[in-house]
*Asks:* 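One structure coming up, written as structure tokens, with questions to follow.
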Number of protein chains: 2
Amino acid sequence: MNKKAIDSVSIKEMDSDVVDAVTIDCTIFGFHEGTLEVLLVQHAEGISKGKWGLPGGWIKKNESIDNAAYRLLRDLTGIDNIYLEQLRAFGSPERFPLSRVITIGYYALIKKEDYRLTPGFTASAVKWYKVKEVPELIYDHAEILETSIKRLKRRVRQAPVGFNLLPEKFTLLQLMHLYEEILEVEMDKPNFRRKFLRMKLLVPLNEKQTDVSHRAAQLYKFDPKIYKSLTERGFNFEF
Amino acid sequence: MNKKAIDSVSIKEMDSDVVDAVTIDCTIFGFHEGTLEVLLVQHAEGISKGKWGLPGGWIKKNESIDNAAYRLLRDLTGIDNIYLEQLRAFGSPERFPLSRVITIGYYALIKKEDYRLTPGFTASAVKWYKVKEVPELIYDHAEILETSIKRLKRRVRQAPVGFNLLPEKFTLLQLMHLYEEILEVEMDKPNFRRKFLRMKLLVPLNEKQTDVSHRAAQLYKFDPKIYKSLTERGFNFEF
DNA sequence: ATTTCTTATAGTTTGTTTGACTACAAGTGT
DNA sequence: ACACTTGTAGTCAAACAAACTATAAGAAAT
């Protein structure tokens, strides 16, 4: 084991509150009016001033990387209890221009209507962008975003994580549109309905849509127990 | 952005050859006589002297983390051109007793018979263990191994990565046993054969098994082109 | 050299799932 | 009352899966 390296770690940590060389960057997905969106921040200071990027920050000495991600999200959006999953580490030597910094990518799914966003201290602006209309991003954030999208596409077919993007009550068609948008495919209504209902994940409510100018659709919520067991055992959705 | 942190990164890197606080640990899988095995090293020095762990090491300043993983594997096993994939970062604050070290987990698949192993400079011994018989591991390596196994189980159903564990030429039954071992299930020979052949991934060779005391089975290799396209598009094997 | 054993490979059967449709129901708005 | 829109149910042929049976090809035993 490399003694020199270990020693320099110890020294470094004595005069710093953060683990220097490792950051977190997080892709936050939302779903609004049939389109998938991501949350970007405009940096207020530093070499990337004015540019857009994924929200992120440094990992503190005494927190796990997962907790660091939760903390960063809480500071940014004001809420806990978010669906959050680590993507992987990104570590090209050139990815950050000033020095060698490895970043750990995360992606989160949130029910958009639940939260009001407040720009954090390090960001001058926070804004939702449609996934297909994101501007140029700093560093390697385009790659991280790309990886997040791929992961979401994969994940959504293995576990019903899509629910984390929808409001509590939703119609089958909304759910189908979510899948269509994420997977970039077109689906057949009757078939989707049949398949999804068969797996008993949805609980029909005693409610219907309101304020629509056509026949109101049944509202559903998902059954947390079945959701949990399906998520754990790694289900397989084919659409 | 945290100025203090960036400054301390720059300073640190001037007097050190490695990115201090980040290591790599790699689960190397092999397949031998129907059982899945992992390669462990016994540490020769340091606080974990004598104990078994996953092979790993520090990331150098000018290499990407993927390249660091390839380098470590090359040093240990003497070969490039290995199937290697990042798992994720592990970063509990207590995972490493001396200081805060984040590690990035990888897992690799190798064709066992292709390589002779040589213990590297930091390890006193290198040994294959059956996955079900691994001894107690240092730090959080048990968790990393656990994650690797889960990932392998998942991955093997989405892409034909299993081939990386088999010799060039193999029989359908060997292939089936590989799946049975990894997924911990029993399968039906005729059904497995039919399913696998249907996807046109296997090329029958003009050869049969030799040295077996029963009817010799057809040998196959896999078609690299179809393998590639299947791996990229994320196929879905259900067995 | 015939039988027996083991494993390879081919086929059958039954029930389920899919994909592409059609048809009808329930509301709105004119 | 009518058209229009979206929701929901049902049909049908083709593909597929799971469980099985049957046969083929050798090697070893008698």
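Residue numbering restarts at 1 for every chain, and letters A, B, ... go by the order of the sequence lines. Every heavy atom of this structure was used, including side-chain atoms; hydrogens, water molecules and symmetry mates were not.
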*Asks:* Checking B:Arg88 against B:Phe90: charged group under 6.0 Å from the ring centre and within 45 degrees of the axis?
*Replies:*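 Because its charged atom sits under 6.0 Å from the ring centre and within 45° of the axis, B:Arg88 does stack over B:Phe90.
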
*Asks:* Of A:Asp25, A:Leu137, A:Leu40, which meets side chain to side chain contact (heavy atoms under 4.5 Å, CB included) against A:Leu145?
*Replies:*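 Going through the options one by one, the only one that passes is A:Leu137.
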
*Asks:* For B:His214 and for B:Asp188, find the nucleotide of DNA chain C with the closest heavy atom, then tell me which residue's nucleotide is more 5'.
*Replies:*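 Nearer the 5' end of the strand: B:His214.
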
*Asks:* Can you tell me the distance, in whole Å, between the CE atom of A:Met187 and the P atom of C:dA20?
*Replies:*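 Answer to the nearest Å: 12 Å.
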
*Asks:* Can you check the A:Leu172 CG to D:dA9 C1' distance for me, whole Å?
*Replies:* 13 Å

*Asks:* Remember a base hit wins even if backbone is also touched, and classify B:Leu173 as base, sugar-phosphate or nothing at under 4.0 Å, heavy atoms.
*Replies:* sugar-phosphate

*Asks:* May I ask you to evaluate whether A:Arg215 reaches the phosphate of D:dA9, defined as a side-chain N or O under 4.0 Å from OP1 or OP2?
*Replies:* no

*Asks:* Output the rounded distance in Å from CE (B:Met176) to P (C:dT9).
*Replies:* 12 Å

*Asks:* Please pick, from D:dA17, C:dT18, C:dT9, the nucleotide with the shortest atom-to-atom distance to any side-chain atom of B:Pro190.
*Replies:*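 Selected nucleotide: C:dT9.
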
*Asks:* Please report the distance, rounded to the nearest Å, between CG in A:Leu175 and P in D:dG7.
*Replies:* 13 Å

*Asks:* Over how many whole Å does the gap from A:Phe192 atom CZ to C:dC21 atom C1' extend?
*Replies:* 19 Å

*Asks:* Any carboxylate oxygen within less than 4.0 angstrom of a Lys/Arg side-chain nitrogen, looking at A:Glu85 and A:Arg151?
*Replies:* yes

*Asks:* Mapping A:Gln209 and B:Val212 onto DNA chain D by nearest heavy atom, which one lands closer to the 5' end?
*Replies:* A:Gln209

*Asks:* Provide, to the nearest angstrom, the distance between the CG atom belonging to B:Asn191 and the C1' atom belonging to C:dA10.
*Replies:*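 Distance check: B:Asn191 CG to C:dA10 C1' gives 12 Å.
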
*Asks:* Ignoring backbone atoms, test whether A:Lys189 places a side-chain nitrogen or oxygen under 4.0 Å from the OP1 or OP2 oxygen of D:dG7.
*Replies:*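 For D:dG7, OP1 or OP2 has a side-chain N or O of A:Lys189 closer than 4.0 Å.
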
*Asks:* In whole angstrom, what separates B:Met199's CE from D:dC16's C1'?
*Replies:* 15 Å

*Asks:* Look up atom OG in A:Ser64 and atom CZ in A:Arg71, then write down how far apart they are to the nearest 0.5 Å.
*Replies:* 10.5 Å

*Asks:* Which listed nucleotide (C:dC21, C:dT17, D:dT8) is nearest to the side chain of A:Arg198?
*Replies:* C:dT17

*Asks:* Taking the six-membered ring of B:Tyr227 as reference, does the cationic atom of B:Lys225 (NZ for Lys, CZ for Arg) lie under 6.0 Å from its centre and within 45° of its axis?
*Replies:*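 Here B:Lys225 fails the 6.0 Å and 45° test against B:Tyr227.
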
*Asks:* Between A:Leu197 and B:Lys195, which is nearer to the 5' end of DNA chain D once each is assigned its nearest nucleotide?
*Replies:* A:Leu197

*Asks:* D:dT8, OP1 or OP2 - any side-chain N/O from A:Arg193 closer than 4.0 Å?
*Replies:* yes

*Asks:* Output yes when at least one side-chain N/O atom of A:Arg194 is less than 4.0 Å from OP1 or OP2 of D:dG7, else no.
*Replies:*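 For D:dG7, neither OP1 nor OP2 has a side-chain N or O of A:Arg194 closer than 4.0 Å.
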
*Asks:* Nearest nucleotide by nearest heavy atom, which residue falls closer to the 5' end of DNA chain C, B:Gln218 or A:Ala216?
*Replies:*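 Result of the comparison: B:Gln218.
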
